[in-house]
Amino acid sequence: MKKTCPIIAAERSYKIEKEKFIPVSEYYGEDTFNIKVMKLKLPGDTYKKIIDAYHEGTILDITTANIVAHAMKEWAIEKGATHFAHWFQPMTGITAEKHDAFIDLVGVSDVLERFSGKQLVQGEPDASSFPSGGIRATFEARGYTAWDMSSPAFIRRNGISTTLCIPTAFISYNGEALDKKTPLLRSNRVVSRSALNMMNLLGNTAVKGVYATLGPEQEYFLIDADYFYKRQDLVLGGRTVVGAPPAKGQELEDQYFGSIKERIASYMHDMEEELFKLGVPAKTRHNEVAPSQYELAPVFEEANLAIDHNQIVMDTMQLVAKKHKLACLLHEKPFAGINGSGKHLNWSMSDNKGNNLLNPGQTPQDNIQFLVFLIAVTRAVYKHADILRASVGSYANDHRLGANEAPPAIISVFLGDQLTKILEDIESGKITKATDREIINLGISSLPIVSKDNTDRNRTSPFAFTGNKFEFRAVGSAQSISFPATVLNTIVAESLDYLAEKIKARCGKDTSINQCVLTVLKKELKEIKSVLFNGDNYTEEWEKEAARRGLPNDKTTPMAIKALVTKKALDLFEKYKVLSNVELRSRYLIRVEKYIKDLAIEVKCLNNIAMSQIIPAATSYQKVLSKAIIGAREALGKTADLSAQQELLKRVTELMNKIYGTNKDILDRVETVASVHDEQKKAEILCAEVKTKMNELRGYVDELEGLVDDELWPLPKFWEMLFIN
Ligand code: ADP
Ligand code: MG
């Protein structure tokens, strides 16, 4: 392959237009129709109505909606918008938008810009081409989008096109959720209610509301766009299906937190500027472990907003990359043998005064509350580790999970030594009295300072307590965090309710509410402690230990996602009205189908690459070698030692045969599986048989890559893609 020179600053297609630099605080959120803008643009009573509707979750009356729509349109047009779009999150995991121009015909030859309250509040996109997992029969293709007032409308700029995007939920005509936002919003309500009940029970009655908070750390790769477009596997599937690891990978550990290259820093600046305009609090950026891998972490926000913002982050990363002639790879494992990308989902709860409920407090009372919430989350993971695992299951994420760089499929909880010791003391009965003195003796009053330092060290845990929040690390980099968050909210709500019932049942039996709490926690800890693990999650010993403890360990997605349709899961989501049985089953089905489709796309890419790129390159090299052998023999005589060329030719030929044969074998197997009607079975067979064969084929291609003349090799190699930028 001809090497491409990295684009140097002067040659770049983009220009650094801003000569004057404006502080972020001056333009932060300028492209969002946020509370501040509404206050400015709306009449006082309309503004009040919209704030009330938002807080009380009520529907806006049409007159108010008309006033808001008008102000929003005027604002958007000032920003250059010609169209509006209901922006939603179908079950594909990405976002969808259908643009409508603001124009309305006046007479026959004139138009006016118009946008009504009805258009703002509700849309009717044709739902038939979105996955519904069987919810919506094709004859009833209609679905509707409903404005989500809790997430501000925003301006989407793409090239010279400018669109007003209105965050919406996407629902079928029977009210079933066709998207990821609806169940998330339901789960937010559920966890708020349960948390508030618990706080009230514990005597904290001053609190009026609780909400879940999320901070998703987004990992990604950047490579030169020129290489990207030379690889159909990257363009079509997001991952290289062939390619040998480079001579230098990440072993020198010189990339993590290393100084950021100029081209990348410019990209980050540009990308973050877009995010700031959209009110996304992009806070931290750094080089990640693998070459050409980076991370962006935002300041945490209320869950629904954080999720919308993460979708915007993923979109913006890719859009801005194009401008810089880069390609942003969000795939969980773009390069075999090189660390993959995850998305650490930091999760906690805040009360309406902004107090973090997973922050150990200063007073014994705070600490009791902290312990209850900590144990409720731990119990939730213990009870529903299988559902959490299923929530992050995908064909792509399987390449990463458990590959000695990412948490294993076993979902355990890391609490750190200090907290573990406290829980052990409670469980063993060392702490018997819930007097202030003893609670202080628990040692938690000194937690805030120590734990931050202490708990963050274990990077191998899939679910770690990191001082004041839990970090769910098994989420894939390309995945929407909506469903994992929905699951977390729901299972924590259930555990809070369960503990509340137990505590209430003890009322009257113990001397104080704190004593009731301690008695209940002591008993519960006995059961749930098997989910706690502070050691190295990457080791084989842990796998054996986890099996002894009876923790689930479903390594592949086809096995793991069955957890979504167990009676336990169906009952739980139905009970909390987060997902009806039909809705949950549909999500399961979509995942199975997506697994099969993702694998099928890779099989086709691999076939195309093997047959139309690799074999022809190998044939050319075979020709070169054969000619060389014949020529050298003529020139040097029969006795000449040509063993090097001969052995090379022999191995190249063998590998070509192996590639051809294995590829055919893969295609045959795929064809046989096509007749299996049960999708679950199909996915299982493809996973067990075809995936292994694809790896085998990759092995042959990668060996060939090291033998064939570099000039003849048709694909950009890992070292080029990962080190030239
Ligand atoms: P680290 O990088 O060591 O994991 P940070 O403190 O930098 O830890 O936080 C990482 C992510 O966690 C950030 O996105 C941050 O906003 C988020 N986070 C911090 N506190 C909370 C919280 N209470 N709820 C949800 N996310 C949080
Ligand atoms: Mg982190």
Side-chain angles (χ1 to χ4, degrees), residues 332-333 339-340 342 344-345 347 371 374-393 397-430 451 454-467 469-476 484 487-488 491-492 495 521-563 566 568-569 687-688:
E332 282 75 9
K333 188 79 176 175
N339 258 25
H344 294 175
L345 184 57
W347 181 95
L371 279 177
L374 184 84
I375 291 171
V377 180
T378 306
R379 181 186 178 277
V381 178
Y382 167 76
K383 285 279 170 194
H384 302 296
D386 58 336
I387 306 181
L388 270 179
R389 163 69 184 98
S391 78
V392 297
N397 208 16
D398 275 5
H399 291 294
R400 163 185 168 262
L401 287 186
N404 255 346
E405 52 164 78
I410 311 158
I411 308 284
S412 63
V413 177
F414 170 87
L415 293 180
D417 294 339
Q418 194 185 13
L419 279 174
T420 307
K421 171 82 175 45
I422 290 167
L423 299 195
E424 276 167 6
D425 284 353
I426 295 176
E427 193 226 323
S428 68
K430 265 200 193 145
S451 61
N454 235 8
T455 52
D456 213 8
R457 295 220 181 104
N458 190 329
R459 288 270 156 200
T460 67
S461 173
F463 204 91
F465 182 70
T466 50
K469 65 195 187 279
F470 277 96
E471 192 167 326
F472 184 25
R473 299 195 178 118
V475 186
V487 171
L488 262 174
I491 64 177
V492 171
S495 272
L521 295 188
K522 178 173 161 45
K523 185 161 170 291
E524 289 308 316
L525 279 168
K526 277 207 176 13
E527 189 194 345
I528 66 172
K529 66 179 178 193
S530 63
V531 80
L532 298 178
F533 182 60
N534 289 344
D536 183 349
N537 284 255
Y538 295 171
T539 60
E540 248 171 66
E541 291 80 72
W542 167 233
E543 200 169 334
K544 285 186 199 138
E545 169 62 21
R548 270 194 297 275
R549 295 189 193 179
L551 301 180
N553 181 11
D554 286 315
K555 289 191 173 144
T556 65
T557 292
M559 299 317 286
I561 48 179
K562 289 197 271 188
T566 58
K568 176 177 78 112
C687 175

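A390 and A563 make their closest contact through CB-CB, 4.2 Å (heavy atoms, listed as atom of the first residue, atom of the second, distance). Minimum interatomic distance between I491 and A380 (heavy atoms only, all atoms of both residues): O-CB, 3.4 Å. The minimum heavy-atom distance between L423 and L525, with the atom names listed, is O-CD1, 3.6 Å. S428 and K522 get closest at one heavy-atom pair: C-NZ, 4.4 Å. Contact between A464 and R473 at its shortest, heavy atoms only, is CB-NH1, 3.6 Å. Taking every heavy atom of both residues into account, L551 and W542 meet most closely at CD1-CH2, 3.7 Å.
Considering only residues two or more places apart in sequence or on other chains, F463 meets the ring-ring contact (aromatic ring centres under 6.0 Å, His included) condition with F470, F472. For E524, the side-chain contact (heavy atoms from CB on, under 4.5 Å) criterion is met by R379, Y498, L499, K502, V520, E527, not counting sequence neighbours. Take K568 and apply the side chain to side chain donor-acceptor pair (under 3.5 Å) test, not counting sequence neighbours, and it matches H384, D386. For the side chain to side chain donor-acceptor pair (under 3.5 Å) test, no residue two or more places apart in sequence or in another chain qualifies with T556. Remark: S461 engages no residue in a side chain to side chain donor-acceptor pair (under 3.5 Å) (not counting sequence neighbours). Checked against side chain to side chain donor-acceptor pair (under 3.5 Å), S391 has no partners two or more places apart in sequence or in another chain. In terms of the salt bridge (charged side-chain N to carboxylate O under 4.0 Å, His left out) criterion, residue partners of E545 (sequence neighbours excluded) are, by chain and number, R548, R549. Annotation: side-chain contact (heavy atoms from CB on, under 4.5 Å) contacts of N534 (sequence neighbours excluded): F414, D417, T420. Applying the salt bridge (charged side-chain N to carboxylate O under 4.0 Å, His left out) criterion to E427, with sequence neighbours excluded, gives K526, K529. For K562, the side-chain contact (heavy atoms from CB on, under 4.5 Å) partners are M559, Q680, E684, not counting sequence neighbours.
When only modelled atom types and interatomic distance are considered, T557 and N397 share no side-chain donor-acceptor pair under 3.5 Å.
For the atom pair NZ of K333 and CG of L401, the computed distance is 10.5 Å after rounding to the nearest 0.5 Å. Going from atom CD1 of I422 over to atom CG of L374 covers 9.0 Å, rounded to the nearest 0.5 Å. Summarising the geometry, atom CD1 belonging to I375 is positioned 11.0 Å from atom OG belonging to S495; distances are rounded to the nearest 0.5 Å. For the atom pair I387 CD1 and L488 CG, the distance stands at 11.0 Å (nearest 0.5 Å). Atom CZ of R459 sits about 8.0 Å away from atom OG1 of T466, to the nearest 0.5 Å. To the nearest 0.5 Å, atoms CG (N553) and CD1 (I410) are separated by 4.0 Å.
Between F465 and L419 there is a side-chain heavy-atom pair separated by less than 4.5 Å. Contact annotation: the side chain of P558 approaches that of D398 to within less than 4.5 Å [non-hydrogen atoms, C-beta and beyond]. Put simply, the side chain of V413 does not reach to within 4.5 Å of the side chain of I528, judged on heavy atoms.
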Passes side-chain contact (heavy atoms from CB on, under 4.5 Å), V381 versus T378? Steps please. CA-CA 5 Å; V381 178; T378 306; 6.0 Å; no
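In this structure, the side chain of R389 engages the main chain of K555 through a donor-acceptor pair within 3.5 Å.
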